[in-house]
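First comes the structure, then the notes that go with it.
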Amino acid sequence: MSSNFSVASLGTPRIGPRRELKAALESYWAGRSDATALTETAAGLRAANWARQRSRGVTVIPSNDFSLYDHVLDTSVMVGAIPERFGWSGGRVELETYFAMARGREGQAVAGGVAALEMTKWFDTNYHYMVPEFAPDQSFSLVSEKPIAEYLEAKVLGYETRPVLLGPVTYLLLGKAAGMDPLTLLPGLLPVYEEVLRRLAAAGAQWVQIDEPCLALDLDVRAHDALRQATAAFARTAPGLKVMLASYFGPFGGNEATVLDLPVAGLHLDLVRAPEQLPLLREAPRGLTLSLGVVDGRNIWRTDLSAVLDRLMPLVGARKVEFAPSCSMLHVPIDLDLETDLDPDVAAWLAFSVQKMDELATIATAFAKGRERVADALAASNQAVRTRYASAKVNDPAVRRRTASVDAAMCRRPSPFEVRRRAQQERLGLPLYPTTTIGSFPQTSEVRKARSAHAKGAMSDVDYDAFIAGEIEAAVRWQEEIGIDMPVHGEFERNDMVQYFGEQLAGYAFTRHGWVQSYGSRYVRPPIIFGDVSRPAPMTVRWSAHAQSLTRRPMKGMLTGPVTMLQWSFVRDDLPRAEVCRQIALALRDEVVDLEAAGLAAIQVDEPAFREGLPLRKADWAAYLDWAVECFGLATSGVADTTQIHTHMCYSEFNDIIESIGAMDADVISIETSRSRMELLEAFVSYRYPNEIGPGVYDIHSPRVPPVGEMVRLLQKAAQRLAPWQIWVNPDCGLKTRRWEEVRPALLNMVAAARRMRAATPETEAAE
Ligand SMILES: CN1c2c(nc(N)[nH]c2=O)NC[C@@H]1CNc1ccc(C(=O)N[C@@H](CCC(=O)N[C@@H](CCC(=O)N[C@@H](CCC(=O)O)C(=O)O)C(=O)O)C(=O)O)cc1
Ligand SMILES: N[C@@H](CCS)C(=O)O
Ligand SMILES: [Zn+2]
């Protein structure tokens, strides 16, 4: 193949085709295996990844894209940004410290353990990274040589790789530096990066990939300066080592002029998210190697290869180019060939990481040797595109008619909140500070085993249903016993809050092995929205109705909201996201109305991904927020005033979106606030949020049981800012990842905290 055309991979999934990394990590954490077993599994996965990429025609193979937990955490360890509480005193960072940073440490220090680093969303993906924490006097030093070690490990196996580093500017911008601009830390950080580059060059590396996805954000002049300083330092320190600067998830926007002026040898362009950057093939400096991200690294659709060739061929000329996925393939499942149960028509439209590499190799061959050399592959791609867009499975005229008939009145409750509130008070008769939970109770191994047995046909439908009904009954009885005012059924029947609904909706397909890392050892199988979405039958009504039949207390039904269903699925790319969201909202509207008819007085429509859906650039926010609010309203406004609509959001910073949350007009919103000690409530307070709020008082990410006094103090903080009638008492989020041994005492304490608050509220305030 002509040396002008290479096939690059910016990063590959780490988890293993059979989730080998999850098994190894969880076994190590449980003490069932030792560090040697874990590191051997990790090395095996890296070797397999390199082999798989080479066998599929990738010529620019990455190293250091692997991580035991998270690549941002790895970067913190590499540069020695290890907060004091982890007790690291220099030298090598042991696995124990690494995992303490990721997951916290139990049973030490005064407050009952050491808190993990915070975790948050990686740009607009469902991947979560560990937030770097910088002290005011933060210093950096080279603590981990992982990039060099993994480069050499590959070399020994016969692979010349391009090591991947998270760039220093993005790294700093993603971190938390109390009261300080994190970019002021750059001069201290750069020498560590320079040392890494020097060592990589000395080990023989020709290229390094520096990821600076912050370039897809609105950056100010300080960030531009930082990028200039960093790349200049790299060029000075390791002049022989070529830098491929990679940004993805969007166009460079206002950063473009700066980017084109940086002293780097290569530039990666995300041409899937930002096809408008195509002219850079002509306009970028001649000597710059361009990595053309033409295959979607965020989605699972087969690429229209002919269209890509038609677009690129007139522009590439004599330039050296690499054909690449738009971003790391971390965000897609590994291999479509493992999916034996997919509808063959749908399967023919898909490409997972392995198939994406094949596509890239086809494109490179077409360039190097002519289209006729890949005629079969192009014909297959054309056929997939044609059949997909024309398929009756994709297009449902009834759904199109229904979305076309949506009007503004369907998207808002007929009566204002004040009127609804009185009607609901009368119906529900709840005390002040009512207690509830967010929906899920522990997904014990018994529950998962039963579901797995049922899926494999080893447990009959009747037995599985009886098992789930039994779990629900036990949970409802227990909630009654401890005095939860608004119980839930526990979501035992759900494998995942998105996949469960996807499996029941028309227009959705789901996989058996299509796992994608969400954080650490927690993975999800995002369902695939391939066609117009509708609800053939009620999805949750039987379980919620069963739960309600067991108690006189008002049971809350839980559904996953339209925006979250969209965000956490692979979404078709032939229809605007807003339109797909509207279809889901209409399907959910039917479910909400059916739950009401089945006697549920409260229905919670979860939107934890509402904030995450916010586009990376501010200019695009308003349009998104308009349709996102509209879709929530569409899903929830089909009910009477007496039906209480709840929503729930976690993992969210609310300042940017508080007006839209107001516009959603849910009767009650529960939010995650305990870890920030109610700081996140401030947005609601400043905005004078008029409806009811459940600020989380129990951090469900930790096994720790919060004492009554601690929850009372949090509620008192909330009561200083909100009226007592506004406040609900609940945990931060669902309890599916916790154990009953933790949940039971924690909820007992939560109920006790609510009772103390009630007892301490003067009658005048209570009567308001
Ligand atoms: C709230 N969060 C979620 C996000 N995205 C989602 N799609 N869903 C979410 O809930 N994004 C933000 C956060 C991220 N947080 C989490 C939290 C927890 C998980 C998690 O626990 N994932 C599970 C997989 C869940 C699942 O699909 N379970 C299935 C399959 C279980 C399984 O592996 N079965 C085995 C057999 C088991 C046995 O025999 O014991 C098998 O099939 O081989 C189920 O329960 O049926 C995980 O294990 O990682 C994810 C994101
Ligand atoms: N109802 C869901 C929301 C998670 S964000 C749960 O309780 O798990
Ligand atoms: Zn949540």
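Predicted model only: the values in this text are computed from it and were never measured. All ligand and atom numbering here is 1-based and tracks the order in the structure. For the single chain, residues carry numbers from 1 onward in sequence order.
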For the ring pair [X] and [Y], is the centre-to-centre distance below 6.0 Å?
X      : Y      : value
Trp301 : Phe530 : no
Phe99  : Tyr28  : yes
Tyr519 : Tyr127 : no

Does ligand 1 come near enough to [X] that some N or O of the ligand is less than 3.5 Å from an N or O of the residue?
X      : result
Arg448 : yes
Tyr519 : no
Trp515 : no

Item checked: Flag side-chain contact, heavy atom, 4.5 Å: Phe467 against Met459 ->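 Contact flag for Phe467/Met459 side chains = yes.
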Item checked: Polar side chain donor-acceptor pair, Arg14 to His71, under 3.5 angstrom ->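 A pair is found: one side chain offers a donor N or O, the other an acceptor, under 3.5 Å apart.
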Just need the protein heavy atom nearest to [atom], so name the residue and atom and give the distance.
atom                    : result
atom 42 (O) of ligand 1 : Arg19 NH2, 4.1 Å
atom 2 (N) of ligand 1  : Trp568 CH2, 3.8 Å
atom 4 (C) of ligand 2  : Met497 SD, 3.5 Å

Atom indices of ligand 1, in the order listed, that fall short of 4.0 Å to a heavy atom of [X]:
X      : result
Arg451 : 44 (C), 45 (O), 46 (O)
Arg525 : 27 (O), 29 (C), 30 (C)
Lys736 : 9 (C), 10 (O)
Lys22  : 47 (C), 48 (O), 49 (O)
Val524 : 5 (N), 6 (C), 7 (N), 8 (N), 50 (C), 51 (C)

Which part of [X] is near ligand 1, with near meaning a heavy atom under 4.0 Å away: side chain, backbone, both or neither?
X      : result
Phe492 : neither
Asn495 : both
Arg522 : both
Lys121 : side chain

Under a 4.0 angstrom heavy-atom cut-off, which atoms of ligand 2 come close to [X]?
X      : result
Gly734 : 6 (C), 7 (O), 8 (O)
His648 : 3 (C), 5 (S)
Cys733 : 4 (C), 5 (S)
Gly439 : 7 (O)
Pro608 : 5 (S)
Cys650 : 5 (S)

Closest by any non-hydrogen atom to [atom]: pick that one out of [options].
atom                    : options                        : value
atom 36 (C) of ligand 1 : Cys650, Ser452, Ser521         : Ser452
atom 40 (O) of ligand 1 : His128, Lys456, Lys449, Arg494 : Lys449
atom 18 (C) of ligand 1 : Thr737, Ile438, Val498         : Thr737
atom 11 (N) of ligand 1 : Ile15, Thr125, Asn126, Thr560  : Asn126

Ion pair present between [X] and [Y], side-chain N to carboxylate O less than 4.0 angstrom?
X      : Y      : result
Arg589 : Asp594 : no
Glu473 : Arg477 : yes
Arg525 : Asp496 : no
Glu653 : Lys121 : no
Glu591 : Arg535 : yes
Arg298 : Asp124 : yes

Item checked: ligand 2-proximal atoms of Ser440, by part, heavy-atom distance under 4.0 Å ->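 It is both backbone and side chain that touch ligand 2.
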For the residue pair [X] and [Y], categorise the inter-ring angle as parallel (less than 30°), tilted (30 to 60°) or perpendicular (more than 60°).
X      : Y      : result
Tyr689 : Tyr687 : tilted
Phe249 : Trp122 : perpendicular
Tyr98  : Tyr69  : perpendicular

Next item on the list: State whether the shortest distance between N or O atoms of Asp606 and N or O atoms of ligand 2 falls below 3.5 angstrom.
Entry: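 Yes - when backbone and side-chain N and O of Asp606 are compared with those of ligand 2, one distance drops under 3.5 Å.
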Notebook entry, point to check: What does the angle at the Zn ion (ligand 3) come to, between atom NE2 of His648 and atom SG of Cys650, rounded to 10°?
Noted result: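 Seen from the Zn ion (ligand 3), NE2 and SG are separated by roughly 110°.
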Note to self: So if I apply the salt bridge (Lys or Arg N to Asp or Glu O under 4.0 Å) rule between Arg704 and each of Glu742, Glu741, Glu710, which one comes out positive?
What the structure shows: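 Result: among Glu742, Glu741, Glu710, Glu710 is the only option passing the salt bridge (Lys or Arg N to Asp or Glu O under 4.0 Å) with Arg704.
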